[in-house]
Amino acid sequence: ASLYGYKWTVPLDELAMMDTNLTFGSKVNVTTKKTINSQVAAGQNPDSNPNAPSSTIDEISRTEEYNFLNLTVVDVLNGEGNSIFGTYSSYSGIPLSERLSYISAALDQYQSLQNQLTPKFVVLNVGDDQIGALENMGFEADAYAVKGTGAQDTSTGEMTRCISDFKGVQQVINNAISYNEKLAAEKEARIQQAMKDAEANQEKE
C-alpha cells in the first residue's frame, strides 16, 4: 500500500480506543457525519411559514454522511497528539512472559503513562481514489466512527511482523490496565471494610 497519500488524523471513540484491530498497518472503515448549514429565502423553503414576508431568510440544516473504506492506519497518536509507536516498539522487545508484570508496574508507578499509551487518534492514508470525498467534506466532520475491518497491510514481511508485535503489545496494555483497576478496586474494598470493622468495634466498646 502506498504511504504517499493524504495523511488524515481521525479521533477515536472509547470503544475504538480498546480495539486491537486499530493499530499500525490495520485496514479501517470510517463513517463521518457533518452538519451543513445554509440560508434560503422563505419562498424557496417548503417548510417555512407561508405567510412569512418574501424577504425572510430561513436557516436550513442537513446532515451529510460520508464513508471511507479500506484506509490504512499509518500512525496512532495519544491525547497529546504524540505517536505511541516508539513506546510500543520498546515494549515489544520485552519477553512475553515478563511483559504484563512490567507494564502493570510501570502504569502503577507513573500515573500519566496510561494517557500516554492510550490511542486517541489514528492517522490514515487516504489515496487518490477517496481524496475527492474528503475534499467535499471539507477535511473535518462533526462525528467520526472508525472500525477495523480485521484486514492488514501485508505488503511486506516486515509490516506483517510489526502489526503482529503491536497488536500483542496493545492487548497486554489493555490487560495491564484492567489488572491494575481490579487491584485498585480490591484495595478500596479492603479499606472500606476496615473502616466498617473499626466503627463496629467502637460501637461495641
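- The local environment of OH in Y102 is sparse, with at most 12 non-hydrogen atoms from other residues, nucleotides or ligands closer than 6.0 Å.
- Under the 4.5 Å side-chain heavy-atom criterion for Ile, Leu, Val, Met, Phe, Trp and Tyr, L69 and V122 are members of distinct hydrophobic clusters.
- Atom CG of residue N78 and atom CD of residue Q114 lie 12.0 Å apart, to the nearest 0.5 angstrom.
- Clustering ILVMFWY residues whenever any of their side-chain heavy atoms sit less than 4.5 angstrom apart, transitively, puts Y179 in a cluster other than the one holding I173.
- A continuous path of ILVMFWY side-chain contacts below 4.5 Å connects L107 to Y110, so both sit in one hydrophobic cluster.
- Residues W8 and L71 are in side-chain contact: their nearest non-hydrogen atoms beyond the backbone lie under 4.5 Å apart.
- Ion pairing between a basic and an acidic side chain is recognised when a charged N comes within 4.0 Å of a carboxylate O; R62 and E64 show such pairing.
- For K34 and T63, the side-chain atoms include no donor-acceptor pair closer than 3.5 Å.
- Of all heavy-atom pairs between P119 and V76, the closest is CB-CG1, 3.5 Å.
- Distance check, rounded to the nearest 0.5 Å: CD1 of I84 to CZ of F24 gives 5.0 Å.
- In this structure, CG in N175 is found 9.5 Å from CD1 in I103, a value given to the nearest 0.5 Å.
- Closest of all the heavy-atom pairs between M137 and T32 is SD-OG1, 3.0 Å.
- Judged by distance alone, the side chains of Q170 and N174 never bring a donor and an acceptor atom under 3.5 Å apart.
- Checked by atom type, the side-chain pair D75/S83 shows a donor-acceptor distance below 3.5 Å.
- Q116 and S112 are linked by a side-chain donor-acceptor pair at a separation below 3.5 angstrom, with hydrogens and angles left out of the test.
- Inter-residue side-chain proximity for L124 and K7 is flagged as unmet; no heavy-atom pair is nearer than 4.5 Å.
- Q152 places a side-chain heavy atom less than 4.5 Å from the side chain of K167.
- The shortest distance between side-chain heavy atoms of I191 and M195 falls below 4.5 Å.
- Note: F166 CZ to Y91 OH = 12.5 Å, rounded to the nearest 0.5 Å.
- Note: L183 CG to S104 OG = 6.5 Å, rounded to the nearest 0.5 Å.
- Proximity of K33 to D142: side-chain heavy atoms (C-beta onward) are nowhere separated by under 4.5 Å.
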